[in-house]
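Numbers restart at 1 for each chain; the letters A, B, ... are given by sequence-line order, proteins then strands. Here the structure is a predicted model, which means the values were calculated and not measured.
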Protein chains: 2
Amino acid sequence: MAQYSRRLDITFAALSDSTRRGVLVQLGRGDASITKLAELFHMSLTGMKKHVGILEDARLVKTEKRGRVRTCELGLRRLDIETAWLENYRELWDKRFDALEVLVQELKQRGAANKTPNKCRTKVRA
Amino acid sequence: MAQYSRRLDITFAALSDSTRRGVLVQLGRGDASITKLAELFHMSLTGMKKHVGILEDARLVKTEKRGRVRTCELGLRRLDIETAWLENYRELWDKRFDALEVLVQELKQRGAANKTPNKCRTKVRA
DNA sequence: ACTATACTGAACCATATGGCTCAGTATAGT
DNA sequence: ACTATACTGAGCCATATGGTTCAGTATAGT
């Protein structure tokens, strides 16, 4: 698990910008030059180049310079470990809230039997 | 789609730090005070508080102050829209690479029939 | 040869991030 | 009342981010 840490840092950071997410979607539709992307996202060439650089570092985009134009295309990473992390988190979340549900049920039971459940006592103290 | 943009920005940014991902996992195991988290992650109280703040902004963590201790627990968000984005991207990625596969097959076919496929010509030029 | 295009690199700017310390405030326990 | 604990807020620091402009370099097209 731990060895993926740096990779996750970098990819999630790359994904935390809507322009960059947009670029990924755009490249899904087909390859594009930096100029074309810059126009599409209303941004300077240099600005777009930086974004592409970050996506390249995250290996989400691959670029190749042919002649004077640098063509960008989707990289080979399919966000598998990121998806795995999210899946794992959701499982954990479900388990956690199932556990809470059990707790709530217990409290209800106790409340019905007792008429002075723990929960109320602490609330009154505050 | 677009209305989720800011939310995605914030969550992915929150997830782009391994300490914060660790905190989420930890809270999955049970609620914890800021002090406990700070100890667990070998960090100053203030440092941990900032992280928790960022997780709160992303609504991944909920906190409540009882007496002098602030207890942190998992928030209600299950990372659904983030998962959805990733799923969507993977689909797009698959489609894209299926399309490339088709292209490669075409080139192979042409190559077999022709013995001088386009691809090679460009390579030699470089 | 000349000109337009496509990128590249350096430098700047404002703001954010990830950490820290230090000086508080508020509450718990005795 | 006193002391220890748990947090809080301000402020510092170094570095990163998201953008820009401006001055190049390299290549394409005529």
Notebook entry, point to check: Under 4.0 Å between a side-chain N/O of B:Lys65 and OP1 or OP2 of D:dT8, yes or no?
Noted result: yes

Whole-Å distance, B:Ile54 CD1 to C:dA16 P, equals 12 Å

Walking DNA chain C from its 5' end, the first of A:Ile34 and B:His51 to be reached, judged by nearest nucleotide, is A:Ile34

Below the 4.0 Å mark, does D:dT8 have OP1 or OP2 next to a side-chain nitrogen or oxygen of B:Arg70? yes

Checklist entry - B:Arg77 side chain to B:Ala58 main-chain N or O, any donor-acceptor pair under 3.5 Å? => result yes

Rounded to whole Å, the CG-C1' distance (B:Asp17 to D:dA16) equals 13 Å

**Request:** Using a strict cut-off of less than 4.0 Å between a Lys/Arg side-chain nitrogen and an Asp/Glu carboxylate oxygen, indicate whether A:Arg66 and A:Glu64 qualify as a salt bridge.
**Result:** yes

Mate of D:dG29 across any strand shown (Watson-Crick or G-U wobble, both atom pairs under 3.5 Å) is C:dC2

In Watson-Crick or G-U wobble terms, with both distances under 3.5 Å, the base opposite C:dC22 is D:dG9

Atom CD of A:Glu64 and atom C1' of D:dT27 are separated, to the nearest Å, by 16 Å

Side-chain N or O of A:Arg20 versus OP1/OP2 of D:dG18: is the shortest distance under 4.0 Å?
yes

Suppose we call a contact any N or O donor and acceptor under 3.5 Å apart; does that hold for the side chain of B:Thr46 and the base of C:dT21?
yes

Original post:
Going by heavy atoms in the side chains, are B:Thr63 and B:Ile34 under 4.5 Å from each other?
Top reply: no

From CG of B:Leu37 across to P of D:dT8 the rounded distance in Å is 13 Å

Separation of C:dC20 atom C1' from B:His42 atom NE2, nearest Å, is 17 Å

**Message:** What's A:Gly47 touching, base or sugar-phosphate or nothing? Going by heavy atoms closer than 4.0 Å.
**Reply:** base

Before accepting this row, confirm whether a basic side-chain N of the pair A:Arg96/B:Asp31 lies closer than 4.0 Å to the acidic partner's carboxylate O.
-> yes

Note: for A:Gly67 and A:Ser44 on DNA chain D, the residue whose nearest nucleotide lies more 5' is A:Ser44

Query raised in the report: With respect to the phosphate group of D:dT8, does any side-chain polar atom (N or O) of B:Lys50 fall under 4.0 Å of OP1 or OP2?
Result: no

Rounded to whole Å, the CD-C1' distance (B:Glu39 to D:dT5) equals 12 Å

Taken to the nearest whole Å, CD1/B:Ile10 to C1'/C:dA16 is 13 Å

With the side chain defined as heavy atoms from C-beta on, A:Arg68 is closest, among C:dA4, C:dG19, D:dG19, to C:dA4

With a 4.5 Å cut-off on side-chain heavy atoms, are A:Trp85 and B:Leu79 touching? yes

When rounded to whole Å, the CG to P distance for the pair B:Leu45 and C:dG24 reads 18 Å

*Report yes if at least one side-chain N or O of B:Lys49 is closer than 4.0 Å to OP1 or OP2 of D:dA6; otherwise report no.*
no

